[in-house]
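In what follows, a single structure is set out as structure tokens and then discussed.
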Number of protein chains: 2
Amino acid sequence: MVSSRKQMTSEKIIDAAIELFSRNGYEGVTTEEIAAEAGFSEKTLFRHFKSKQNLLEQAIDRYHYADEMRAIFDNKLSWNLEEDLSLISENYHRIMYRNRKMLQIIMKVGKNLPGLHQYAHRHPQALQEYLTDYFAEMKRQQKLFAADEEKIAIMFLYMNFGLAQGRMNESPAFSDNEFKEILKESVALFTRGLTP
Amino acid sequence: MVSSRKQMTSEKIIDAAIELFSRNGYEGVTTEEIAAEAGFSEKTLFRHFKSKQNLLEQAIDRYHYADEMRAIFDNKLSWNLEEDLSLISENYHRIMYRNRKMLQIIMKVGKNLPGLHQYAHRHPQALQEYLTDYFAEMKRQQKLFAADEEKIAIMFLYMNFGLAQGRMNESPAFSDNEFKEILKESVALFTRGLTP
DNA sequence: ATAAAATGTCAGTCAGTACAGACTTTCCTA
DNA sequence: TAGGAAAGTCTGTACTGACTGACATTTTAT
């Protein structure tokens, strides 16, 4: 285990960086603070990463947020509205919650990493398209109350996005149970509102 | 007009600060950049504001976001679900959009202004309570499909919060028209899903 | 036209911060 | 237990950024 120690150090530093960047933003954190949080000296940080910027980039690479998104629709759909919405919603929140710190970094980062926002929105956008297609097909199968499928998809996703945001930002965060129940209700409401 | 020139300068500087803080966060912007954006010298900035921090505070004071929120329910309610949801939604987005830059600052601010997040969530929380009460009363009037009124309120608000976020953050922002139509659909969906 | 107010210029202070080099110490492993 | 890899320490550099003071210039009201 010669190179694994090195790697573990890198990982600890990246973890610390993600934690602090997500709390205070890129400029709001010093390399010294990151090193301290990770339990190493600043020098070690720079032995592992060329620069602070490089550290941020590697921290971003660590997350597979965008890739994971794509997998949501790989789950078997049953073409039963309530079941499918439930499945999509659960998967969505699982991914969003796992990647919550990365998302907070994305929201806080400004001029550094100009491409980051675009990167972050690429796959949610794909998700929106999948969901739109899904609704269109459901409509074709006459399982959907006549409605604009794109707008419905946007509504569903943004409601979930809002909920995910709320879950990770608010002071009294939802408890896991409370949150699950809200999701259940939301799927029920959409189902009721969309069933012919 | 002796003091109004001074005041206009202050306002221009605050405007510039809000613009840049909302884009790049507090630490992501220098006083020199703010002054340049406002069209003044850095020295003038410091003649008008004690410090960068003070400038941020005054920029925050400029907004009445939290106060405005309270007014949403002052509009006459008709106790017709669709009309009322429409009214609430419109007012909510009007306020959110006017204060979008402030909201972006709030989301980006980290350790500076520790009380800011709390301040930002105080009135939306009140809003949630009002809406919960509204749904409870509607239920009493048998105009609401049996449902947990608190969860419904949360869903409605977070959907709108998500939409507001999307409107101000995404690269291809919604057009005003598109957005209005989405709101209309969302109110229709909630109405359909909540009407007995 | 003039005084007062507002702004600009310029030079400078001071603290913080990213990052580097030289050297020492600790840790793991063969 | 020796030797190399990884980490620490200490010192230093170069730069940035918030903020100040002294003085010059412009603007505005009378």
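All of these numbers come straight from a predicted model, not from anything done at the bench. Residue numbers begin at 1 in each chain, while the letters A, B, ... track the order of the sequences.
Around atom CD of Gln141(B), more than 12 heavy atoms belonging to other residues, nucleotides or ligands sit under 6.0 Å away. More than 12 heavy atoms of other residues, nucleotides or ligands shown are found within 6.0 angstrom of CD on Glu11(A). For Arg70(A), the CZ atom is loosely surrounded, since the number of other residues' heavy atoms within 6.0 Å does not exceed 12.
Scanning all heavy atoms of the two residues, the minimum distance from Arg98(B) to Tyr63(B) falls at O-CE2, 3.8 Å. Among all heavy-atom pairs drawn from Phe190(A) and Leu189(B), the shortest one is CE2-CD2, 3.5 Å. Closest heavy-atom contact between Glu37(B) and Ala16(B): CG-CB, 3.5 Å. Shortest non-hydrogen contact noted between Glu149(B) and Lys139(B) is OE1-NZ, 2.9 Å.
Considering only side-chain atoms of Ser41(A), the nucleotide from dG8(D), dT7(C), dA7(D) that sits closest is dG8(D).
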So which protein N/O to nucleotides 20-27 of chain D N/O distances come out below 3.5 Å?
residue : atom : partner  : partner atom : Å
dG21(D) : N7   : Lys43(B) : NZ           : 2.7

Can you name the atoms? Protein N/O to nucleotides 1-3 of chain D N/O, anything below 3.5 Å, with the distance.
none

Contacts under 3.5 angstrom, residues 150-159 of chain B side chains, donor-acceptor by atom type, not counting sequence neighbours:
residue   : atom : partner   : partner atom : Å
Lys151(B) : NZ   : Glu181(A) : OE1          : 3.4
Lys151(B) : NZ   : Asp148(B) : OD2          : 2.9
Tyr158(B) : OH   : Glu170(A) : OE2          : 2.9

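Distances shorter than 4.0 Å separate some side-chain N or O of His48(B) from OP1 or OP2 on dT7(C). Close to dA6(C), at under 4.0 Å from its OP1 or OP2, lies no side-chain N or O of Thr44(B).
Salt-bridge check for Glu19(B) with Arg23(B): passed, with a basic side-chain N closer than 4.0 Å to an acidic carboxylate O.
Sorted by residue number, the list of members of residues 51-63 of chain B with any non-hydrogen atom under 4.0 Å from DNA chain C is empty. Taken residue by residue, residues 11-32 of chain B places heavy atoms nearer than 4.0 Å to DNA chain D at Val29(B), Thr30(B), Thr31(B).
Checked by atom type, the side-chain pair Gln125(B)/Glu129(B) shows no donor-acceptor distance below 3.5 Å. Looking at Ser89(A) and Ser86(A), their side chains never bring a donor and an acceptor atom within 3.5 Å of each other.
Annotation: ring-ring contact (aromatic ring centres under 6.0 Å, His included) contacts of Phe73(A) (sequence neighbours excluded): Tyr130(A).
Atom-to-atom, CD1 of Ile34(A) to C1' of dT17(C) comes out at 12 Å; the value is rounded to the nearest Å.
Taking the six-membered ring for Trp and the full ring otherwise, His48(A) and Phe40(A) have centroids separated by 6.0 Å or more.
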